[in-house]
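Below is one structure, written out as C-alpha cells, with a few remarks after it.
The model shown is predicted, which means the values in this text are computed figures rather than measured ones.
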Amino acid sequence: MTPKQYSEQEALQKAAALCSASEHCVSEITAKLERWGQSAEAQERIIAQLVEQRFIDEERYARAYARDKMRYAHWGRVKIDYMLRLQGIVDCHRSQALSELPDEEYCDVLRHLIEQKNRSVKAASDYERRGKLIRFAQGRGFTLDEIMDVLSQLGHSDD
C-alpha cells in the first residue's frame, strides 16, 4: 500500500498540526514530507515556513528530547547526545540541552537504574556484579565517572 499523496498546502497543514501536538525536529518532518510525496523543493519551502512560524524550533526540541529521555527512558548524557547528533541537531543546541538537565535528578535516575539492575543481576562475585552494572549503565549512556560515583555511594567499592 502506497502512502497518500498530499498537495503542498495539505502537507504544510498536516506538518503544522503534527508540530503543534508535540516537538519535532527538521529531520523528522523532512522524512514525513518525503513519505507524503513532496519534492525536495516543496520540502524546503514547507520546512522554512514551519521554522519561520516557530512550529519547528530545534533548540526547543533538543531541550524537550533530552529532558524526556532522561526522565522516562533513563538515558545518560552520552546516549542523548549521540541520538540528537543522529537527528542532525547542531552542537550548540545539543550542549545547551544537556547542560540544562538537573544534576540532582540526573544522579537520582542513575542511582535508581543501578539499584533496580542490581536486584536482577546474577553474578558469581562482587567483582563480576560490579562489572555487569558498569556495562549496563554505560549502555544507557552514563559516563564511567558518574557510574563510579553512584556505585561508591551504594557501597560497591573498588575491591
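- Sorted by first and then second residue, the ring-ring contact (aromatic ring centres under 6.0 Å, His included) pairs involving residues 53-100 (not counting sequence neighbours) are Y61-Y65.
- Note on V121: it does not cluster hydrophobically with L113, by side-chain heavy-atom contacts below 4.5 Å among ILVMFWY residues.
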Q: I would like to know whether R130 and D126 meet salt bridge (Lys or Arg N to Asp or Glu O under 4.0 Å); could you show each step before the answer?
A: CA-CA 6 Å; R130 197 165 168 271; D126 286 341; over 6 Å; no
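- The same ILVMFWY cluster, assembled from side-chain heavy atoms under 4.5 Å apart, contains both L144 and L133.
- Residues in residues 11-33 take part in these salt bridge (charged side-chain N to carboxylate O under 4.0 Å, His left out) pairs, two or more places apart or across chains: E23-R60.
- Within the model, atoms CE of M70 and CG of L98 stand 10.5 Å from one another, a figure rounded to the nearest 0.5 Å.
- Here the shortest heavy-atom pairing between A73 and R140 reads O-NH1, 3.2 Å.
- I134 is listed as a side-chain neighbour of M148, based on a closest heavy-atom distance under 4.5 Å.
- Interatomic distance, K117 NZ to R129 CZ, rounded to the nearest 0.5 Å: 10.5 Å.
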Output a table of donor-acceptor pairs, distance under 3.5 Å, between side-chain atoms of residues 104-111 and any protein atom two or more places apart or on a different chain; print 'none' if there are none.
| from | atom 1 | to | atom 2 | distance (Å) |
| --- | --- | --- | --- | --- |
| E105 | OE1 | R71 | NE | 3.4 |
| E105 | OE1 | R71 | NH2 | 3.3 |
| E105 | OE2 | R71 | NE | 2.7 |
| Y106 | OH | R77 | N | 2.8 |
| Y106 | OH | E146 | OE1 | 3.1 |
| D108 | OD1 | R111 | NH1 | 2.7 |
| R111 | NE | Q153 | OE1 | 3.3 |
| R111 | NH2 | Q153 | OE1 | 2.8 |

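- Side-chain heavy atoms closer than 4.5 Å link hydrophobic residues (I, L, V, M, F, W, Y) into clusters, and following such links, possibly through other members, connects L154 to F142.
- Considering CZ of R94 and OG of S99, their distance stands at 12.5 Å, rounded to 0.5 Å.
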Q. Would M83 and K69 count as a side chain to side chain contact (heavy atoms under 4.5 Å, CB included) if you check the C-alpha gap in whole Å, the side-chain angles of each, and the deciding distance to 0.1 Å?
A. CA-CA 10 Å; M83 296 306 288; K69 290 301 180 184; over 6 Å; no
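- For the 3.5 Å distance criterion, the side chains of E100 and Q96 qualify, holding a donor opposite an acceptor.
- At a threshold of 4.5 Å between non-hydrogen side-chain atoms, the residues L12 and Q49 count as touching.
- Annotation: the span from L84 atom CG to K79 atom NZ amounts to 12.5 Å, rounded to 0.5 Å.
- Hydrophobic clustering (ILVMFWY, side-chain heavy atoms < 4.5 Å, transitive): V78 and F136 are in distinct clusters.
- In this structure, the separation between CD1 on I46 and CD1 on I29 is 10.0 Å, given to the nearest 0.5 Å.
- For S27 (side chain) and G88 (main-chain N/O), no donor-acceptor pair under 3.5 Å exists by modelled atom type.
- In this structure, the side chain of E58 does not engage the main chain of I89 through any donor-acceptor pair within 3.5 Å.
- Distance NZ/K132 to OG/S120: 10.0 Å, rounded to 0.5 Å.
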